[in-house]
Amino acid sequence: MDRVAKLASQKAVVIFSKSSCCMCHAIKRLFYEQGVSPAIYELDEDSRGREMEWALMRLGCNPSVPAVFIGGKFVGSANTIMTLHLNGSLKKLLREAGAIWL
């Protein structure tokens with residue numbers, strides 16, 4: 001849990017992902033298209049990935065990926081991020097976290 005919290009606070013946007021997950025790919029693309037350069041941690045390519053996956057599930061992220069942190073705070077998974085994007089709230093969160101300026 002400490003490792004997830006530490007990694008999540010190191011950049012304005014942090015995404016915990018798996019390289020084989022199609023929803024993870026879609027969420028990463030969404031952030032790139034918004035002009036955000038997120039820190040991405042591929043759990044299936046990390047030696048401590050399974051441990052981080054359990055920590056994410058304890059935070060309430062089910063499924064465990066994609067797990068998105070903005071400004072060091074857990075925001076949600078794919079459904080939450082897409083909802084925020086569609087209702088216009090995502091840009092505001094990104095600006096407040098310093099991930100985008102416009």
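Here, residue 1 is the first one in the sequence, and each next residue gets the next number. Predicted model, so just to flag it, every value in this text is computed and none were measured.
Under a 4.0 Å N-O distance rule, the pair D44/R50 does not qualify as a salt bridge.
The hydrophobic clustering, which links ILVMFWY residues whose side-chain heavy atoms are closer than 4.5 Å, places F31 and F69 apart. Residue L30 is grouped with residue L93 when hydrophobic side chains (ILVMFWY) are merged at heavy-atom distances under 4.5 angstrom, including chains of intermediate members. Note: the hydrophobic cluster containing I100 also contains I70 (ILVMFWY, side chain heavy atoms under 4.5 Å, direct or indirect links). Hydrophobic clustering (side-chain heavy atoms under 4.5 Å, transitive across Ile, Leu, Val, Met, Phe, Trp, Tyr) groups L94 together with V68. Neither I15 nor L59 shares a network with the other; the hydrophobic side chains, linked directly or stepwise wherever heavy atoms of I, L, V, M, F, W or Y lie under 4.5 Å apart, form separate groups for each.
Judged purely by atom type and a 3.5 angstrom limit, K11 uses its side chain to pair as donor or acceptor with the backbone of S37. No donor-acceptor pair closer than 3.5 Å links the side chain of N62 to the backbone N or O of M57.
Here the closest non-hydrogen pair linking W101 and G98 is CZ2-O, 3.8 Å. The minimum heavy-atom distance linking L56 with S64 is given by the pair CD1-O, 3.7 Å.
Using a 4.5 Å heavy-atom threshold, the side chains of E51 and V4 count as separate. The shortest side-chain heavy-atom distance between K91 and H85 does not fall under the 4.5 Å cut-off. Taking the side chain as every heavy atom from C-beta outward, E45 and S19 approach each other to under 4.5 Å.
Atoms SG and CD1, on C21 and I27 in that order, are 9.0 Å from each other to the nearest 0.5 Å. In this structure, the separation between CE on M52 and CG on D2 is 13.0 Å, given to the nearest 0.5 Å. Residue F16 holds its CZ atom at 10.0 Å from SG of C61, rounded to the nearest 0.5 Å.
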Q: Take E53 and K18, measure what salt bridge (Lys or Arg N to Asp or Glu O under 4.0 Å) needs, and give me the verdict at the end.
A: CA-CA 10 Å; E53 189 171 358; K18 286 188 180 177; 3.0 Å; yes
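Counting only N and O atoms by type, the side chains of E42 and S17 include a donor and acceptor under 3.5 Å apart.
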Quiz: residues 74-83 side-chain donor-acceptor pairs under 3.5 angstrom, not counting sequence neighbours:
from: S77; atom 1: OG; to: P66; atom 2: O; distance (Å): 2.8
from: T83; atom 1: OG1; to: N79; atom 2: O; distance (Å): 2.8

